[in-house]
**Q** 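Below: one structure in structure tokens.
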Amino acid sequence: MKRWICVILCAAMVLCLAACGKTQPKEVDLKAAAAEAAAVITENGEVLFPEENPEVIESLYPGLTAVELKQLVVYLPPVVGFPCEVVMVETVSEDDAEKVCVILQERINGAADDTAYPENAEGWKNRAEVWRDGPFVVMTALPEGVERTAAMKAEF
């Protein structure tokens, strides 16, 4: 009887240890999330277009194309500089996610210091932010009156 109790306790302990293993990583379709964010902005009267040209992306977010990414989705307004952008990124590693945060924050800081267009700079200062959730990084610069959705806050 004691042997059976020991066997059952050992089996229970093995199962408990197995339950502490790694969880499966989240799978998020950033194209769908970004399209949803762009639709919310469009409902407010602004227009955003998807941007896939690596040269344009590198000119706005220097260093981003050098980071190893799983997914990258960029939506830009017709007039670059206007405080209305959505960038969603999934990186390969946590270190890369931190690099992306820095790159996107530099975009916000640069646009917020624009003395040529002070009305745009004000929008970047007050309505642009970067969020991170594990390997996911999201930057939004939203026009006045647009509320952030869960996807815009990287709440996947």
Side-chain angles (χ1 to χ4, degrees), residues 17-156:
L17 290 174
C20 295
K22 280 190 168 183
T23 60
Q24 292 294 328
K26 295 186 249 185
E27 290 191 26
V28 178
D29 180 4
L30 292 185
K31 282 190 177 190
E36 176 188 319
V40 169
I41 292 168
T42 301
E43 288 172 8
N44 195 55
E46 303 298 335
V47 179
L48 289 177
F49 298 104
E51 181 59 65
E52 296 180 0
N53 184 332
E55 293 173 1
V56 172
I57 293 169
E58 185 63 23
S59 71
L60 293 171
Y61 318 103
L64 188 59
T65 57
V67 178
E68 190 175 357
L69 306 175
K70 288 185 179 179
Q71 298 182 72
L72 170 63
V73 183
V74 177
Y75 274 82
L76 299 173
V79 178
V80 176
F82 184 70
C84 187
E85 292 181 14
V86 175
V87 180
M88 295 188 173
V89 178
E90 181 182 10
T91 61
V92 173
S93 70
E94 296 285 325
D95 290 339
D96 287 339
E98 193 56 42
K99 290 177 191 173
V100 171
C101 284
V102 170
I103 290 167
L104 296 178
Q105 189 60 52
E106 287 175 359
R107 166 70 174 143
I108 292 172
N109 296 344
D113 289 337
D114 185 1
T115 57
Y117 299 98
E119 63 280 355
N120 288 348
E122 193 65 29
W124 282 96
K125 285 178 192 172
N126 297 324
R127 296 185 307 277
E129 296 181 81
V130 176
W131 287 277
R132 179 175 169 211
D133 180 11
F136 297 98
V137 182
V138 174
M139 183 203 80
T140 59
L142 302 176
E144 198 166 345
V146 174
E147 296 295 320
R148 289 173 176 84
T149 65
M152 290 180 195
K153 295 179 184 178
E155 294 176 359
F156 302 117

**Q** Side-chain contact, heavy-atom cut-off 4.5 Å: Val56 with Leu76?
**A**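 Side-chain contact under 4.5 Å: yes.
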**Q** For Ala37 and Met88, work out which heavy atoms get closest and say how close.
**A**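 Here Ala37 and Met88 meet closest at CB-CE, 4.4 Å.
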**Q** Mark yes when over 12 heavy atoms from residues, nucleotides or ligands other than Glu119 sit less than 6.0 Å from its CD; otherwise mark no.
**A**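 Result for CD/Glu119: enclosed.
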**Q** Indicate the atoms forming the closest heavy-atom contact of Val47 with Pro78, along with that distance.
**A**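 Of all heavy-atom pairs spanning Val47 and Pro78, the closest is O-CD, 3.3 Å.
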**Q** Measure from the side-chain N and O atoms of Asn44 to the backbone N and O of Glu46, and report whether any donor-acceptor pair falls under 3.5 Å.
**A**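 The answer is no, because no donor-acceptor pair under 3.5 Å joins these two groups.
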**Q** What pair of heavy atoms forms the shortest contact from Ala121 to Asp114, and how long is it?
**A**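 Taking Ala121 first and Asp114 second, the nearest heavy atoms are CB-O, 3.5 Å.
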**Q** So which heavy atom on Cys84 is nearest to which on Leu48, and how close?
**A**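 Distance-wise, the nearest heavy atoms are O-CD2, 3.2 Å.
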**Q** Does this structure show an ion pair linking Arg132 with Glu94, if we count only N-O contacts that are shorter than 4.0 Å?
**A**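 Salt bridge between Arg132 and Glu94, a charged N being under 4.0 Å from a carboxylate O: yes.
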**Q** For residues Glu51 and Ile57, report the shortest heavy-atom separation together with the two atoms involved.
**A**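 The pair with the smallest heavy-atom distance is O-CD1, 3.7 Å.
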**Q** If only atom types and distance count, is the side chain of Thr140 paired as donor or acceptor with the main-chain N or O of Val86 below 3.5 Å?
**A**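 The answer is no, because no donor-acceptor pair under 3.5 Å joins these two groups.
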**Q** Donor-acceptor pair, Trp124 side chain versus Arg107 backbone, under 3.5 Å?
**A**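 A pair under 3.5 Å: no.
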**Q** Are the side chain of Gln71 and the backbone N or O of Val28 linked by a donor-acceptor pair below 3.5 Å?
**A**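 Indeed, once roles are kept as given, a pair shorter than 3.5 Å links the two residues.
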**Q** Is it the case that the side chain of Glu58 and the backbone of Thr65 share a donor-acceptor pair, with hydrogens and angles ignored and the cut-off at 3.5 Å?
**A**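 A pair under 3.5 Å: yes.
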**Q** Starting from the C-alpha separation in whole Å, work towards a yes-or-no answer on side chain to side chain contact (heavy atoms under 4.5 Å, CB included) for Val138 and Lys153.
**A** CA-CA 7 Å; Val138 174; Lys153 295 179 184 178; over 6 Å; no
**Q** Quick check: do Leu72 and Val87 have side-chain heavy atoms less than 4.5 Å from each other?
**A**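 A side-chain contact under 4.5 Å exists here.
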**Q** Would you say Phe82 has more than 12 foreign heavy atoms packed within less than 6.0 Å of its CZ?
**A**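 Yes, enclosed.
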**Q** Given side chains that start at C-beta, do those of Val137 and Val130 come closer than 4.5 Å, heavy atoms only?
**A**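 Yes, side chains in contact.
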**Q** Which pair of heavy atoms, one from Arg148 and one from Leu142, lies closest together, and at what distance?
**A**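 Residues Arg148 and Leu142, closest heavy atoms: CG-CD1, 3.3 Å.
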**Q** Using 0.5 Å steps for rounding, measure from the CD atom of Glu122 to the CG atom of Asn120.
**A**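 Output value for this atom pair is 10.5 Å.
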**Q** So, do Glu106 and Val102 sit near enough that their side-chain heavy atoms are less than 4.5 Å apart?
**A**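 In short, these two side chains touch, coming nearer than 4.5 Å.
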**Q** Has the side chain of Glu129 got a donor or acceptor atom that lies under 3.5 Å from a matching backbone atom of Met139?
**A**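 A pair under 3.5 Å: no.
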**Q** Quick one: CG on Leu104 to CG on Leu60, what's the gap to the nearest 0.5 Å?
**A**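 Reported to 0.5 Å precision, the distance equals 11.0 Å.
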**Q** Rounded to the nearest 0.5 Å, what's the gap from OG1 on Thr91 to CD on Glu68? Could you check?
**A**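 Reported to 0.5 Å precision, the distance equals 9.5 Å.
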**Q** Test Ile41 against Tyr75 for side chain to side chain contact (heavy atoms under 4.5 Å, CB included), laying out the working first.
**A** CA-CA 11 Å; Ile41 292 168; Tyr75 274 82; over 6 Å; no
**Q** Between CG of Asn109 and NZ of Lys125, what distance do you get to the nearest 0.5 Å?
**A**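 Result: 11.0 Å between the selected atoms.
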**Q** Is there side-chain contact between Lys99 and Asp96, with at least one heavy-atom pair below 4.5 Å?
**A**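 Yes, at least one pair of side-chain atoms sits under 4.5 Å.
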**Q** Are side-chain heavy atoms of Val73 and Pro50 found at a separation under 4.5 Å?
**A**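 When only atoms from C-beta onward are counted, Pro50 and Val73 do not touch, as no gap falls below 4.5 Å.
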**Q** Determine whether Pro83 and Arg127 make a side-chain contact, defined as any pair of heavy atoms from C-beta on separated by less than 4.5 Å.
**A**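 Side-chain contact under 4.5 Å: yes.
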